[in-house]
Asks: 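Submitted below is the structure of interest, expressed as structure tokens.
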Amino acid sequence: MNKLGILGVPITIGQPNKGADLGPDAIRHAGLYTVLQNLNASYQDYGNVQIKNEEANQIDQATNLKNLNEVAAASELTANKVSEMIQEGQFPLLLGGDHSMAIGTIAGVQQHYENLGVIWYDAHADFNTEETSPSGNIHGMSLAVNLGMGHEKLTSILQNEPKIKPENVIIIGARSIDSGERELIKEKGIKVYTAHEVEQQGIESVIKESLNYLTARTDGIHLSFDVDSLDPIYVPGTGTPVEGGLSVRESHYALRLLNESEKIVSAEFVEVNPLLDERNQTAKRTVELIGSLLGERYI
Ligand SMILES: NC(=[NH2+])NCCC[C@H](N)C(=O)O
Ligand SMILES: [Mn+2]
Ligand SMILES: [Mn+2]
């Protein structure tokens, strides 16, 4: 694997809770470097992107978007940094931060791929627009934004065009989808393996099918891993938990299969919120999951 470029994106204003800005450092403190050193991974930690969480408390009345300008500014900074890391030949490993950060990360990665694929591992689809969103929270819109749907300040980061094609996206683990999102998902023909389908089909088959499908049609796959994909019993430190989630075991297996495929070109682990956590267990599990993606094995 290429040298890792680690970047924290301490953004919390894409959703209503304080504390997701502490996620990147909680992940570092939970033993990230030890795991990387045990894997003999070479890495460079660029620290955290400067995000203006404090200055943001605005609902843009005209648009139903919370903290639009600040999220857009954060996305721009993130996108540029991520793009630079790939330019340097590094594998971006991004630590979050709420899921609005994916607007920036994917814009940055996409600069280097003509036909980027995305695996969106999440309890949610994050497929709202300002018209459909029940909350106005931009973390529930980031996937739609990446497909070119939503406010122009968000869809035009780095380039004013869609970053990914609808047919190059696979959502895995979904179990909380708003009615407006459901319609958009159907309209765009997005592939979704809900939590029920993971149960029915098994995670191995879901991941292998996804990899076969995406490898045939894309030139690289970005992994967007929202920790709330897991059941809240394992990840209490996250802002929008949904019962009935994926298990730690099947998620490790999913990540191991992704590692073995050698098709993942960048990854983000998002929605860790230490203020909602107990004893940093959510960050610790996140570090272990990162280990599986990077090649750690039980034996
Ligand atoms: N990245 C997340 N955790 N997203 C949660 C989104 C929740 C809800 N669908 C919304 O739009 O507000
Ligand atoms: Mn999400
Ligand atoms: Mn989620």
Side-chain angles (χ1 to χ4, degrees), residues 9-21 23-24 59-60 63-68 71 74-75 78 94-106 118-147 149-151 154 164 169-185 190 192-195 198 222-246 251 254 267-277 282 285-286 289:
V9 188
I11 188 162
T12 197
I13 52 178
Q15 48 87 58
N17 303 293
K18 291 192 192 300
D21 51 327
I59 300 186
D60 186 324
T63 61
N64 178 34
L65 287 162
K66 291 181 181 152
N67 308 320
L68 171 61
V71 173
S75 306
T78 305
L94 311 155
L95 315 175
D98 76 57
H99 217 164
S100 68
M101 68 185 259
I103 296 171
T105 56
I106 290 176
V118 172
I119 293 180
W120 198 270
Y121 200 91
D122 199 333
H124 308 94
D126 297 339
F127 216 69
N128 276 303
T129 67
E130 62 263 46
E131 280 93 46
T132 66
S133 173
S135 65
N137 297 324
I138 296 177
H139 79 153
M141 309 182 193
S142 39
L143 183 54
V145 166
N146 282 316
L147 271 73
M149 294 178 290
H151 197 282
L154 300 173
I164 34 182
V169 178
I170 299 186
I171 300 173
I172 299 174
R175 56 195 183 278
S176 172
I177 301 184
D178 301 319
S179 59
E181 290 183 293
R182 196 170 296 158
E183 276 167 38
L184 279 179
I185 284 170
I190 307 291
V192 184
Y193 294 95
T194 66
V198 174
H222 170 79
L223 171 66
S224 199
F225 192 104
D226 186 331
V227 300
D228 70 28
S229 53
L230 272 72
D231 194 272
I233 57 169
Y234 307 114
V235 288
T238 194
T240 45
V242 189
E243 284 187 348
L246 305 187
S251 298
E268 62 197 329
F269 288 80
V270 310
E271 295 283 348
V272 173
N273 186 333
L275 294 189
L276 303 173
D277 207 5
T282 301
R285 296 218 164 86
T286 303
L289 291 163

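Note that this is a predicted model, so its numbers are computed, not measured. Every number for a ligand or one of its atoms is a count from 1 in the order of the listing.
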Asks: Short question: side chain of D21, backbone of P10 - any donor-acceptor pair under 3.5 Å?
Replies: no
Asks: Nearest 0.5 Å, please: how far is OG1 in T105 from CG in N146?
Replies: 7.0 Å
Asks: For the atom pair CG (N137) and NE2 (H99), what is the distance rounded to the nearest 0.5 Å?
Replies: 14.0 Å
Asks: For ligand 1, which atoms sit closer than 4.0 Å to a heavy atom of D226?
Replies: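 By the 4.0 Å cutoff, the relevant atoms are 1 (N), 2 (C), 3 (N).
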Asks: Distances under 2.8 Å only: what protein N/O/S atoms are near the Mn ion (ligand 3), ordered by chain and residue?
Replies: D122 OD1, H124 ND1, D226 OD2, D228 OD1, D228 OD2
Asks: For P274 and G19, work out which heavy atoms get closest and say how close.
Replies: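 Residues P274 and G19, closest heavy atoms: CD-O, 3.2 Å.
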Asks: Examine distances only and state if a side-chain atom of D122 and a backbone atom of S229 form a donor-acceptor pair shorter than 3.5 Å.
Replies: no
Asks: Looking only at protein heavy atoms, which one is nearest to atom 3 (N) of ligand 1, and how far off is it?
Replies: T240 OG1, 2.8 Å
Asks: How far is atom 4 (N) of ligand 1 from the closest protein heavy atom, and which atom is that?
Replies: D126 OD1, 2.8 Å
Asks: Do T238 and L276 have side chains that approach each other closer than 4.5 Å (heavy atoms only, starting at C-beta)?
Replies: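 The answer is no, as the side chains (C-beta and beyond) never meet within the 4.5 Å cut-off.
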Asks: Provide, to 0.1 Å, the distance between atom 7 (C) of ligand 1 and the closest protein heavy atom, together with that atom's residue and name.
Replies: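 Looking at atom 7 (C) of ligand 1, the protein heavy atom closest to it is H124 CD2, 3.9 Å.
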Asks: Please determine if N137 has a nitrogen or oxygen closer than 3.5 Å to a nitrogen or oxygen of ligand 1.
Replies: no
Asks: Around atom 11 (O) of ligand 1, find the nearest protein heavy atom and jot down its residue, atom name and distance.
Replies: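 Sorting protein heavy atoms by distance from atom 11 (O) of ligand 1 puts N128 ND2, 2.9 Å first.
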Asks: Output the list of atoms in ligand 1 that are nearer than 4.0 Å to some heavy atom of H99, sorted by atom number.
Replies: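 Reading through ligand 1 atom by atom, the close ones are 1 (N).
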Asks: I want to check something: taking the side chain as every heavy atom from C-beta on, are F225 and T286 in contact at a cut-off of under 4.5 Å?
Replies: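 Answer no - side chains too far apart.
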Asks: By number and element, which atoms of ligand 1 are closer than 4.0 Å to a non-hydrogen atom of G140?
Replies: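 With G140 as reference, the close atoms of ligand 1 come out as 6 (C), 11 (O).
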Asks: What is the closest protein heavy atom to atom 9 (N) of ligand 1, and at what distance does it sit?
Replies: D178 OD2, 2.7 Å
Asks: For ligand 1, note which part of M141 has a heavy atom under 4.0 Å away: side chain, backbone, both or neither.
Replies: neither
Asks: Counting from 1, what ligand 1 atoms have a heavy atom of D228 closer than 4.0 Å?
Replies: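 This gives 3 (N) as the contact atoms.
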Asks: May I have the step-by-step check of side chain to side chain contact (heavy atoms under 4.5 Å, CB included) for L275 and N17, ending in yes or no?
Replies: CA-CA 9 Å; L275 294 189; N17 303 293; over 6 Å; no
Asks: Taking atom types as modelled and ignoring hydrogens, do the side chains of D178 and N128 form a donor-acceptor contact shorter than 3.5 angstrom?
Replies: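 Distance-only check passes for D178 and N128.
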Asks: For ligand 1, which is the ligand I care about here, please tell me if S176 has any N or O atom under 3.5 Å from one of the ligand's N or O atoms.
Replies: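 Among all N and O atoms of S176, none is under 3.5 Å from an N or O of ligand 1.
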Asks: Starting from atom 10 (C) of ligand 1, locate the nearest protein heavy atom and write down its residue, its atom name and how far away it is, to 0.1 Å.
Replies: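 Minimum-distance protein heavy atom for atom 10 (C) of ligand 1 reads S135 OG, 3.5 Å.
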